[in-house]
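Side chains included, hydrogens not; waters and symmetry mates left out as well; all remaining heavy atoms used. Remember, it's a predicted structure, so these values are computed and weren't measured experimentally. Just so we're on the same page: letters track the sequence lines, and every chain starts at 1.
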Amino acid sequence: MRFARTPCYAPVRKTRAETMNLFDDIRTLVLDALTATVRDGGLPEGLSFDAVTAEPPRDAAHGDVATNAAMVLAKPSGLKPRAIAEALAERLRADPRIAEVEVAGPGFLNLTLTPAVWQGLVGTVLRDQTGYGRSQLGAGKRVNVEFVSANPTGPMHVGHTRGAVFGDALASLLEYAGHDVTREYYINDGGAQVDVLARSVYLRYLEAHGQDVAFPDGTYPGDYLIEVGQALKDKVGDAYLDKGEDVWLEDLRDFATAAMMELIRDDLASLGVKMDLFYSERSLYGTGKIEAALADLDAKGLIYEGVLEPPKGKLLEDWEPREQTLFRSSLHGDDVDRPVKKSDGGWTYFAPDIAYHYDKVTRGFDALIDVFGADHGGYVKRMKAAVSALSGGKVSLDVKLIQLVKLTRNGQPLKMSKRAGTFVTLRDVVDQVGQDVTRFVMLTRKNDAPLEFDFDKVLEQSKDNPVFYVQYAHARICSVLRKAEAMGVDVSDAAIAAQDLSDISDPAELALIKKLAEWPRLVEIAARTNEPHRIAFYLYELASEFHGLWSRGNDATGLRFLQEDDPALTATKIALPKAVSVVISAGLGILGVTPLEEMR
RNA sequence: GGCCCCGUAGCUCAGUGGAUAGAGCGACCGCCUCCUAAGCGGUAGGUCACAGGUUCAAAUCCUGUCGGGGUCACCA
């Protein structure tokens, strides 16, 4: 593997094995050294190197990259960790990228890289731009991300907002990691709630004709249906007045859901979310699709008529044994089998969802991701069972449950009630704090942790507001670049990247570069775990490193990016902040947040 | 009661099996004739709920217990 010896700072075309992920490159180097050691008889043949890692150590005193090779191989090889480590160290020292090798702790090999490696990394970032960090992790993999999927019965509320941002950012993240991603919305337009919607619109229609109407329980009294009723009047005139449901219900279902979906599309657009496909539940009924999906399960012996046991330990007074059509989901990891037909012969909600996921499977996706509200946790096992059964275990399904958003204002909880009209919609949030802030804040928690969203705090301009803090770093960099340009410096990426960057060598500068080096690795971890919040946290850390270096320039003028009366040195010093801005832009891009060039 | 998620600093939370567990807020002490102080540096603060187990190595994986939340046939 001679090419592995090519210094990665050399402006050469990347070889197949050389990635943008520095830690992968070093791991390759370690594996090469291990292979050579085996060849020379220093290690037995047939060892697996799978457990060997090369990671950034938590403590900077432990060098730049640490590998556990000696520890994981000690037992299988029957050698002492120390002996393996020493032999490896010898070989690793020969690589031009390695400045120092140290055996430490229980057998870690701590590697320190040469400044040239770090300087070269800045050049790489500037050349690759937002392509720096893009991964081939998902190359050739098609992923379907289903998210939001709110009932088409009204405008989106805050709970949907978090799911929408999460799903969209996750989709972008997976794209960035090389996957072919489809963003999809399942329209729950097949159930009884659509009839309720249609009747509610009918009431508003009567109202538009000047009638006095009341909204009994089981109807939607929301104002947002007023204009829908008016629109219906404009369309059909008085054709439905004094007519029974048998005349208008069918038509109103279509009319009302279409109106609601328009509302929802607008809501999504205000968040910057664009779906690739809206998939209608109703399109599954009467088209043989549900039957086909269940036939597939039936052919696998997974459909039967049977009676369920009553739920364990829970008292259900009205429970009675009943024969139903059941899916043998318990054979695919579920706790009990699940009914697909109701006692009246109609499908349960589960049945069309099986058909929908069957459709996804047959469309050829390699992986499916469903983003649900946390209250759907009880639905996960059966859905996974369905996908497992339908795909013969070939397609994976990961369900991400989104916890609640707790809305507050100045620390005081906002009471929400549909009846009291204090119901907070997605639009309320976006209108008040803006798309960028909404998106970023929604990603500052792990998906399965509750999120507090404080209308005042998210607009606060201080370091405890991560949105601001990251944006501020970017704006500072843009400010520096503007001033450098005013000094007559060519600030184009090509010009900066083409320079000799060996003047960027202060430990404080190298520390910031090392943070940049973690970016490709972080992207892969985030993509592998389907956790876009990791991007937001990383950006905060990167911004923090940057602000730290900036402030050092207060005392140490040599660390300032703008070097007075020295355009040539300024051109060099500017490379690092510029690279930082590239990564911030890439990261914010994944989150769907626009980087600010100025904040005053 | 079954299943799922959570339990980490006073508070809010990070932490793909690695070394001495981190950040922000709050508290205390410093830093602007100087690229945006909307910032930076430092101090204090911990039985990673508890008990076992696996491992060279556990906040992380497994089992159990305790505590908080969600959910529980014929709703969607």
- Message: Taking ring-ring contact (aromatic ring centres under 6.0 Å, His included) as the criterion, tell me which of A/Phe147, A/Phe278, A/Tyr356, A/Phe372 meets it with A/Tyr186.
- Response: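 The passing option is A/Tyr356.
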
Rounding to a whole Å, what distance do you find between [X]:[atom1] and [N]:[atom2]?
X        : N      : atom1 : atom2 : result
A/Leu326 : B/rC74 : CG    : C1'   : 11 Å
A/Asp555 : B/rC31 : CG    : C1'   : 7 Å
A/Glu55  : B/rG15 : CD    : P     : 15 Å
A/Lys342 : B/rC75 : NZ    : C1'   : 8 Å
A/Asn21  : B/rU16 : CG    : C1'   : 13 Å
A/Lys483 : B/rC34 : NZ    : C1'   : 11 Å
A/Asp448 : B/rA14 : CG    : C1'   : 13 Å
A/Asn554 : B/rG42 : CG    : P     : 15 Å

- Item | Pairing string, 5' to 3', for RNA chain B - Watson-Crick or wobble contacts under 3.5 Å, brackets [ ] where pairs cross, | to another strand | (((((((..((((....[...)))).(((((.......))))).....(((((..]....))))))))))))....

- Query: With a distance cut-off below 6.0 Å to the six-membered ring centre and an angular limit of 45° from the axis, does A/Lys341 pair with A/Trp347 as a cation-pi contact?
  - Reply: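 The answer is yes, since A/Lys341 meets both limits relative to A/Trp347.
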
Base [N] to side chain [X], donor-acceptor N/O within 3.5 Å cut-off:
X        : N      : value
A/Asn68  : B/rG18 : yes
A/Arg445 : B/rC13 : no
A/Arg552 : B/rC40 : no

Does the pair [X]/[Y] count as a salt bridge with the N-to-O cut at 4.0 Å?
X        : Y        : result
A/Glu485 : A/Arg482 : no
A/Arg521 : A/Glu55  : yes
A/Lys446 : A/Glu531 : no
A/Asp195 : A/Arg253 : yes
A/Asp335 : A/Lys381 : yes

Is the shortest side-chain N/O distance from [X] to OP1 or OP2 of [N] below 4.0 Å?
X        : N      : value
A/Arg382 : B/rA73 : no
A/Lys381 : B/rC4  : yes
A/Lys75  : B/rC56 : yes
A/Ser551 : B/rG41 : no
A/Trp347 : B/rC74 : no
A/Tyr469 : B/rC40 : yes

- Contact residues, residues 520-536 of chain A to RNA chain B [heavy atom, < 4.0 Å]: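 Those residues whose heavy atoms fall under 4.0 Å from RNA chain B, taken from residues 520-536 of chain A in numerical order, are A/Arg521, A/Ile525, A/His533, A/Arg534.
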
Counting any heavy atom closer than 4.0 Å, what does [X] reach on the DNA or RNA strands: base, sugar-phosphate only, or nothing?
X        : value
A/Ala475 : base
A/Gly553 : base
A/Pro450 : sugar-phosphate
A/Gln403 : nothing
A/Ser462 : sugar-phosphate
A/Ala374 : sugar-phosphate
A/Val72  : base

- How would you label the glycosidic angle of B/rC32: syn (within 90° of 0) or anti?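 In terms of base orientation relative to the sugar, B/rC32 is syn.
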
- Is the side chain of A/Asn68 donor-acceptor paired with the backbone N or O of A/Met71 at a distance under 3.5 Å, no angle test?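 No; judged by distance alone, with no hydrogens or angles, the pair does not exist.
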
- Mark yes or no for whether A/Thr570, through its side chain, and A/Gln563, through its backbone, hold a donor-acceptor pair below 3.5 Å.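 Yes.
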
Look at the side chain of [X] and decide which nucleotide, out of [options], has an atom nearest to it.
X        : options                : answer
A/Met71  : B/rC74, B/rC56, B/rC40 : B/rC56
A/Gln193 : B/rU36, B/rG15, B/rA76 : B/rA76
A/Phe537 : B/rC56, B/rC13, B/rG39 : B/rC13
A/Pro311 : B/rA76, B/rA73, B/rG39 : B/rA73
A/Glu281 : B/rA76, B/rC35, B/rG70 : B/rA76
A/Tyr379 : B/rG39, B/rU16, B/rA76 : B/rA76

- Over 60° means perpendicular and under 30° means parallel, so classify the ring planes of A/Phe327 and A/Phe350, tilted if in between.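 It falls in the tilted class, 30° to 60°.
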
- Item | A/Tyr469 and A/Tyr540: CA distance, side-chain angles, deciding distance, ring-ring contact (aromatic ring centres under 6.0 Å, His included) verdict | CA-CA 7 Å; A/Tyr469 191 69; A/Tyr540 186 87; 4.6 Å; yes

- Side chains of A/Val467 and A/Asp436: closer than 4.5 Å at any heavy-atom pair?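 The answer is no, as the side chains (C-beta and beyond) never meet within the 4.5 Å cut-off.
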
- Query: Considering only the C1' atoms, how many Å lie between B/rA9 and B/rC5, rounded to the nearest integer?
  - Reply: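 It works out to 23 Å between them.
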
- Task: Summarise protein proximity over nucleotides 19-28 of chain B in one line of letters, 5' to 3': B for base, S for sugar-phosphate only, - for none, counting protein heavy atoms closer than 4.0 Å.
- Result: B---SSS---

- Query: Taking it one step at a time, do A/Tyr279 and A/Tyr185 satisfy ring-ring contact (aromatic ring centres under 6.0 Å, His included)?
  - Reply: CA-CA 6 Å; A/Tyr279 197 103; A/Tyr185 183 121; over 10 Å; no

